[in-house]
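Read through the structure below, which is laid out as structure tokens, and then see the notes.
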Amino acid sequence: MFSPYFMVISIYFTYWVWHGIITIYRKKVNLLTMNGITVTTSILTLIAGLGVFLVACSMMSSNLESLGSKRLKALFSKTSNSKLLGVGIGTVATAAIQSSGATSVMVIGFVNAGIMTLTQAATIMFGANIGTTITGQLVALGMFGDDTLSTSVVFAAFAGIGAFITLFTKKDTPQKIGRILSGFGMIFVGLSLMSKSMDAFADSPAVRGFLAGFTSPILLVLIGLVLTAIVQSSSVLTSMAIAMIVAKLIDVNQGIYITLGANIGACVTTVIAGFTSGRNAKRAALIRVIFNVAGVAIFMLIGLFLRLGHIDFGYLMEAMFPGAYATQLAMFHTFFNVISVAIVLPMTGLLVKLVTKIIPEPKQKEEDNKPHLYFVDEHLLRTPPIAVLETKNEIVHMAQIAMENFHIAMNIISTLDYSEVDKFRANEEQLNFLNRELVVFIVKLLQCELGVKDRTYLTRAVRSIADFERIGDYAENIVEFADILKENNSVFSEKALNEINELRALVDNLFEKVMKGYKEHDRKALSEANDIEDNVDDFTAAMGKHHVKRLREGVCTPEVGAQYLSLSTSVERIADHLINVAQTVKR
């Protein structure tokens with residue numbers, strides 16, 4: 001893979017090459033007639049600028065997610081019944097990672113896993129629409145400084161600064177910071193390329209006349225919708241619209257309607273994520289679609305009434321921000337989303353009820369009892385750092401299922417009461433499912449862009465999954481030992497049962513320490529777990545000696561003793577697998 005340093009250098013080289021070509025042809029070619037070479041040059045420059053812009057957005061977004069994943073997860077965990085808090089969290093999260101699509105996909109994943117309610121998800125997605133306007137504001141800010149030092153050039157310089165940071169450090173966090181700065185700078189490099197290409201088109205009356213013909217608000221909204229659905233980023237289209245306005249290829253009013261269409265087109269990613277997931281995920285996706293479409297419809301009606309008075313949105317924005325065309329569109333984008341949220345927020349409850357009726361609960365809920373993933377969803381792969389955190393939650397949940405089966409098995413062999421055997425079988429089926437599907441998910445996640453720590457954790461997590469699945473297998477063995485006792489009408493002696501309960505208590509304590517160390521990286525808990533595992537080894541050895549003594553005294557029979565020893569061996573193996581999990585944290 002190429003170093004970010006060389007990537008930025010090549011981008012700068014490309015920029016100045018195309019800038020030079022355009023300058024030469026401006027001097028030697030009459031742009032009013034737009035000959036073939038000039039057209040080709042302008043189109044290629046536009047494509048180059050768009051490519052750099054898209055790569056920059058992706059680079060900055062992915063590294064921001066990776067750097068702030070734990071903080072982002074903590075931020076989402078603070079969701080409550082406060083609608084304003086939900087909007088604030090969605091705004092901050094999206095402004096931080098520069099992607100409303102990524103925020104919405106994360107929310108879809110949390111809703112699908114049952115971590116977040118529909119109401120909470122709705123308010124966060126409302127906030128995401130506000131947070132995504134930050135990109136437009138940054139782009140508009142970069143358009144200032146035509147006659148002095150351009151802010152776009154100043155911001156573009158961050159690409160080089162970030163590249164040098166990445167080049168001269170090997171630590172994970174500084175590298176991510178370097179890539180974030182490079183991505184930020186490259187946004188303005190791409191923007192400059194797009195602006196230069198549009199300057200050439202702007203000198204052609206034919207091109208300006210052609211674009212001026214697109215005056216229908218509905219047509220402009222459709223153009224914005226389709227183009228956003230293709231590039232899957234409303235920020236990119238809004239930024240292009242700002243560049244076109246500054247180049248005088250389109251006016252502010254045209255840019256506004258294109259931006260409205262982009263707001264609907266931005267729902268495509270959410271729809272794909274939601275409608276290929278669970279029922280609540282579908283409802284969450286539908287909420288965003290209804291919200292965005294309703295906001296656009298309201299402003300289309302406002303625009304209609306304005307035209308009856310022979311004015312338009314462009315006229316209003318010019319009155320508020322005279323001469324600052326880039327700012328006019330960026331501010332409209334922000335006003336539009338804030339006003340839309342203010343209108344819809346009080347009706348969040350009604351919106352949730354509406355989507356619940358549109359996508360109702362099925363009459364039969366048998367599928368809810370089938371094995372499934374509780375925390376991870378393939379659409380979380382779009383936000384790898386969050387996916388890693390949810391993978392850890394899934395493994396912790398798997399551990400709890402495995403230990404639940406251990407408890408059920410110990411109860412069955414101690415009492416020969418099979419009342420929970422159906423739950424035991426369902427848990428075993430879930431463990432086998434998780435062992436298979438969670439590993440598949442981790443393999444896909446390892447193919448995404450991840451930090452060194454996350455990649456190391458996932459590699460070790462595969463071993464932990466196998467350990468917990470083996471605990472389930474040993475619990476199944478214990479139930480089989482109970483079956484043999486039941487067939488022979490045999491039971492353990494009172495002394496044997498007391499020892500079994502003591503062994504069970506030791507394993508429970510071991511599990512508590514291991515999971516505390518696993519979840520919190522608590523070294524003290526892991527050290528205590530090792531001591532407890534040594535106690536388990538000593539205790540199971542003593543159980544064998546006590547068994548021999550009871551045989552001599554005639555308290556126990558060889559047949560019962562065989563199951564007793566097999567039980568102690570299986571429990572010792574369970575302790576070994578628990579300590580294996582602890583070792584993955586220590587490494």
Side-chain angles (χ1 to χ4, degrees), residues 87 100 126 129-130 132-133 136-137 139-140 143 198 201-202 205-229 234-235 237-268 286-348 350-351 354:
V87 171
S100 62
F126 296 165
N129 273 26
I130 298 175
T132 197
T133 64
Q137 295 289 356
V139 170
M143 292 294 183
M198 290 173 190
F201 285 119
V207 174
R208 290 202 307 271
F210 174 74
L211 293 175
F214 292 92
T215 57
S216 168
I218 295 177
L219 179 59
L220 290 167
V221 167
L222 287 174
I223 290 172
L225 191 161
V226 172
L227 290 178
T228 304
S234 60
S235 297
L237 197 67
T238 301
S239 300
M240 287 186 65
I242 290 174
M244 293 176 75
I245 288 170
V246 172
K248 294 183 170 53
L249 278 171
I250 60 174
D251 60 34
V252 173
N253 201 58
Q254 287 174 299
I256 284 172
Y257 284 109
I258 290 173
T259 301
L260 290 177
N263 208 59
I264 300 176
C267 296
V268 171
L286 186 57
I287 284 174
R288 191 179 188 211
V289 171
I290 293 174
F291 168 66
N292 284 22
V293 171
V296 171
I298 290 169
F299 272 77
M300 290 288 283
L301 286 174
I302 294 172
L304 178 61
F305 284 115
L306 288 175
R307 288 196 299 276
L308 293 176
H310 302 290
I311 59 175
D312 54 27
F313 287 122
Y315 176 85
L316 295 178
M317 299 312 295
E318 173 64 25
M320 285 188 276
F321 307 97
Y325 303 117
T327 301
Q328 288 173 20
L329 181 56
M331 292 305 297
F332 174 85
H333 193 204
T334 301
F335 291 159
F336 160 69
N337 282 291
V338 171
I339 293 170
S340 296
V341 170
I343 293 172
V344 177
L345 190 61
M347 298 183 285
T348 304
L350 293 175
L351 189 54
L354 175 63

Output the distance between atom OG (Ser239) and atom NE2 (His333), rounded to the nearest 0.5 Å. 9.5 Å
Ala330: partners by side chain to side chain contact (heavy atoms under 4.5 Å, CB included), with sequence neighbours left out: Gln137, Ala140, Ile242
Does any part of the side chain of Ile287, heavy atoms only, come nearer than 4.5 Å to the side chain of Phe126, both counted from C-beta? yes
Ile256 side chain near Met317 side chain, heavy-atom distance below 4.5 Å: yes
The criterion is side chain to side chain contact (heavy atoms under 4.5 Å, CB included); which residues satisfy it with Ile258, sequence neighbours excluded? Leu220, Leu237, Ile250
Residue list, ring-ring contact (aromatic ring centres under 6.0 Å, His included) with Tyr325, at least two apart or on another chain: none
Counting N and O atoms only, with roles assigned by atom type, does the side chain of Asn337 sit under 3.5 Å from a partner on the main chain of Ile130, one being a donor and the other an acceptor? no
Compare every heavy atom of Leu306 with every heavy atom of Asp312, then report the nearest pair and how far apart it is. C-CD1, 4.1 Å
So Leu350 and Leu354, do their side chains get closer than 4.5 Å, heavy atoms only? no
Sorted by chain and number, sequence neighbours left out, side chain to side chain contact (heavy atoms under 4.5 Å, CB included) with Val226 holds for Ile230
Phe336 versus Thr259: any side-chain heavy-atom pair under 4.5 Å? no
Looking only at non-hydrogen atoms, find the nearest pair between Val87 and Leu345 and report the distance. CG2-CD1, 3.8 Å
For Asn263, what residues pass the side-chain hydrogen bond (donor to acceptor under 3.5 Å, both in side chains) criterion, not counting sequence neighbours? none
On a heavy-atom basis, which atom in Gln328 and which in Phe321 lie closest, and how many Å separate them? NE2-O, 2.7 Å
Supply the atom-to-atom distance Met320 CE to Leu316 CG, rounded to the nearest 0.5 angstrom. 6.0 Å
Do Ile302 and Phe305 have side chains that get closer than 4.5 Å, going by heavy atoms? no
Roughly how far apart are Asn253 CG and Arg307 CZ, rounded to 0.5 Å? 8.0 Å
Main chain of Asp251, side chain of Gln254: is a donor-acceptor contact present, judged purely on distance under 3.5 Å? yes
Evaluate the side-chain proximity of Phe291 to Asn129: yes if any heavy-atom separation is below 4.5 Å, no if none is. yes
Within a strict 4.5 Å, meaning less than it, do heavy atoms of the Thr228 and Val268 side chains meet? no
Those residues that, when tested against Ile218, pass side chain to side chain contact (heavy atoms under 4.5 Å, CB included) (two or more places apart): Ser216, Leu222, Met300
So do Arg288 and Asn292 actually touch side chain to side chain, heavy atoms under 4.5 Å? yes
Would you call the rings of Phe332 and Phe313 parallel, tilted or perpendicular, taking 30° and 60° as the class edges? tilted
